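These figures come from a predicted structure and were not determined experimentally.
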Amino acid sequence: MKKIFFTGAMLILLGIATGIYAAYADETGAKAEAYALYKTNNHREALLILENLPLVEKDAETFVVTANIYEDKKETDKAVENLNKALALNPEYFKAYYNLGCIFLNKGAYELAEKNLLLAIKYNKDFAYSYYNLGTLYIKTGNYNKAKKNLIQAIYLKNDEKDFYLNLAYAYKNLGKEKEAKRLLEIYNGN
C-alpha cells in the first residue's frame with residue numbers, strides 16, 4: 001500500500017514539475033523566438049510574439065526589445081511607453097535609460113537625453129555607447145570639454161569604434177587643439 005501511495009505521489013509531483021517546465025519552456029521559447037526574429041530583422045513577427053505574451057511573462061528586456069522595434073518603425077511614443085514599462089519593472093535597467101537618452105537626443109530634447117544617459121552610466125559604468133552618446137550630446141550643445149571627457153571614456157572602454165575617434169577629433173578641433181584632432185582623424189582614417 002505504501003509503495004502504491006509513494007508511486008502515485010511521485011507521479012503527481014512529476015506531472016506538476018512537467019507542467020511547470022512546459023510552461024517555462026513555452027515562455028522562454030516564445031521570447032527566444034521573438035529575440036531571434038528581431039536579430040534577423042523580422043521585426044513584424046517579433047513584435048507580434050512580444051505583444052501577445054501575457055503581461056506576467058514580460059520582463060524589462062522584453063519591453064526594451066519591443067521599444068526598439070517601435071523606434072525602428074518610427075513610432076517613438078510607443079517606444080517611450082515600453083521603455084517606461086521596463087523601468088517600472090526594473091528602475092536600475094541601464095538599457096532602458098540608454099534608449100530613452102538616444103530617443104531624446106535624436107528629438108533634440110537635450111535635457112531629457114542628458115538625464116537618461118547619465119542614469120544609464122550610473123547603472124552601468126562600462127557601457128561605452130552611453131559615454132559616446134553623451135559626448136555627442138555635448139558636442140551638439142557646444143560643451144566641448146564635457147564632450148571630450150565622455151568620448152575619451154568611450155574610447156577607453158571600446159577602442160575599436162571609429163566614430164568615437166571622429167567625434168573626439170571634432171571636440172578637440174572646437175577646443176583649438178588642432179594637433180590632437182589631426183592625430184585622431186588619422187586613427188579614424190586607418191593611418
* **No-hydrogen, no-angle side-chain donor-acceptor test under 3.5 Å, Asn42 and Thr40** =>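 Their side chains do contain a donor-acceptor pair, which is all the 3.5 Å distance test asks for.
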* Does the side chain of Thr136 pick up a donor-acceptor pair with the side chain of Asn133 at under 3.5 Å? ->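 Result is no, nothing qualifies.
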Between [Y] and [X], is there a side-chain heavy-atom distance shorter than 4.5 Å?
| X | Y | answer |
| --- | --- | --- |
| Tyr132 | Glu161 | no |
| Leu50 | Leu53 | yes |
| Leu184 | Leu166 | no |
| Arg183 | Glu178 | no |
| Asn82 | Val64 | no |
| Tyr131 | Tyr156 | no |

* **Lys148 and Gln153: CA distance, side-chain angles, deciding distance, side chain to side chain contact (heavy atoms under 4.5 Å, CB included) verdict** => CA-CA 9 Å; Lys148 177 185 79 166; Gln153 183 63 25; over 6 Å; no
Assigning hydrophobic clusters by single linkage (Ile, Leu, Val, Met, Phe, Trp, Tyr; side-chain heavy-atom cutoff under 4.5 Å), is [X] placed with [Y]?
| X | Y | value |
| --- | --- | --- |
| Phe94 | Leu83 | yes |
| Ile49 | Leu47 | no |
| Phe104 | Phe63 | no |

On a heavy-atom basis, which atom in [X] and which in [Y] lie closest, and how many Å separate them?
| X | Y | value |
| --- | --- | --- |
| Ile121 | Ser130 | CG1-CB, 3.6 Å |
| Leu157 | Ala128 | CB-CB, 3.8 Å |
| Ala147 | Gly135 | CB-O, 3.4 Å |
| Asn167 | Ile139 | O-CD1, 3.4 Å |
| Ala60 | Leu89 | N-CD1, 3.8 Å |
| Ile69 | Ala46 | CD1-CB, 3.9 Å |

* Check the angle between the aromatic planes of Tyr38 and His43 and answer parallel, tilted or perpendicular using the 30° and 60° thresholds. =>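 Parallel.
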* Give a yes or no on whether the ring-centroid distance for Tyr129 and Tyr98 is below 6.0 angstrom. =>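 When the ring centroids of Tyr129 and Tyr98 are compared, they turn out to be at least 6.0 Å apart.
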* First locate atom CG of Asn116, then atom NZ of Lys122, and finally report the distance between them rounded to the nearest 0.5 Å. =>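 Going from CG on Asn116 over to NZ on Lys122, the span is 12.5 Å.
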* To do: Measure the CG-CD1 distance between Asn68 and Ile103 for me, rounded to the nearest 0.5 Å.
  =>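 Nearest 0.5 Å value for the CG-CD1 distance: 8.0 Å.
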* Looking only at atom types and distance, does a side-chain atom of Lys31 sit under 3.5 Å from a main-chain N or O of Glu57, one as donor and one as acceptor? ->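 Such a contact is found between Lys31 side chain and Glu57 backbone.
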* Could you give me the CA-CA distance, side-chain angles and deciding distance for Asn99 and Glu71, then say whether side chain to side chain contact (heavy atoms under 4.5 Å, CB included) is met? => CA-CA 9 Å; Asn99 287 2; Glu71 181 64 15; over 6 Å; no
* So, Lys177 and Glu180, do they make that salt bridge, N to O below 4.0 Å? ->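 No, no charged N to carboxylate O under 4.0 Å.
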* For Tyr97, what residues pass the ring-ring contact (aromatic ring centres under 6.0 Å, His included) criterion, not counting sequence neighbours? ->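 Listed in chain order: Tyr123.
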Table please: side-chain donor-acceptor pairs of residues 105-115 below 3.5 Å, with sequence neighbours left out.
{"from": "Asn106", "atom 1": "ND2", "to": "Cys102", "atom 2": "O", "distance (Å)": "3.3"}
{"from": "Glu114", "atom 1": "OE2", "to": "Tyr138", "atom 2": "OH", "distance (Å)": "2.6"}

* To do: Name all residues meeting the side chain to side chain donor-acceptor pair (under 3.5 Å) criterion together with Tyr165; count only those two or more places apart in sequence or in a different chain, and write none if there are none.
  =>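 For Tyr165 there are no side chain to side chain donor-acceptor pair (under 3.5 Å) partners, ignoring immediate neighbours.
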* Would Asn41 and Asp72 count as a side chain to side chain contact (heavy atoms under 4.5 Å, CB included) if you check the C-alpha gap in whole Å, the side-chain angles of each, and the deciding distance to 0.1 Å? -> CA-CA 10 Å; Asn41 291 320; Asp72 290 343; 6.0 Å; no
